[in-house]
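Here is the structure we will look at, set down as structure tokens.
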Amino acid sequence: MTDAWFPNSGDLVYVPSEVNLVRHVCHANGPIVKDYIRLKAPATMLVSSSHGLDSNFVEVIYRGAKWSVDKRETYPVNK
């Protein structure tokens, strides 16, 4: 997987097991992790939005909630 791939809103991504999903809180010094979970099993997730081109994170839907995942830990789902 190269860093050139960037998932867009509406894309499906595969996320392997043992990857952390996080929720951030905005703070004056930058984002702070509010909550996280570590996947016990791989999952396919819907990308809801990106955090911008300067961020390595994308927002995904996992079990009905929005989480952020490092885009370098995601793989495209082939159509």
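Keep in mind that what you see is a predicted model, and the values were worked out from it rather than measured.
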*Applying side-chain hydrogen bond (donor to acceptor under 3.5 Å, both in side chains), name anything that partners Ser9, two or more places apart in sequence or on another chain.*
none
Taking only distance into account, with no hydrogens and no angle test, what donor-acceptor pairs under 3.5 Å do side-chain atoms of residues 36-48 form with protein atoms, sequence neighbours excluded?
unit_1 : atom_1 : unit_2 : atom_2 : d
Arg38  : NE     : Asn20  : OD1    : 3.2
Arg38  : NH1    : Glu18  : O      : 3.3
Ser48  : OG     : Glu59  : O      : 3.3
Ser48  : OG     : Glu59  : OE1    : 3.0

*With sequence neighbours left out, what residues match Asp70 under side-chain contact (heavy atoms from CB on, under 4.5 Å)?*
Asn56, Phe57, Arg72, Glu73
*Rounded to the nearest 0.5 Å, how far does OH of Tyr14 lie from CG of Asn78?*
13.0 Å
*Which is it for Val69 and Val19 under the side-chain contact (heavy atoms from CB on, under 4.5 Å) test, yes or no, and what are the steps along the way?*
CA-CA 8 Å; Val69 63; Val19 170; 3.8 Å; yes
*Sort and list the pairs that fulfil salt bridge (charged side-chain N to carboxylate O under 4.0 Å, His left out) and have at least one residue in residues 19-31, not counting sequence neighbours.*
Arg23-Asp35
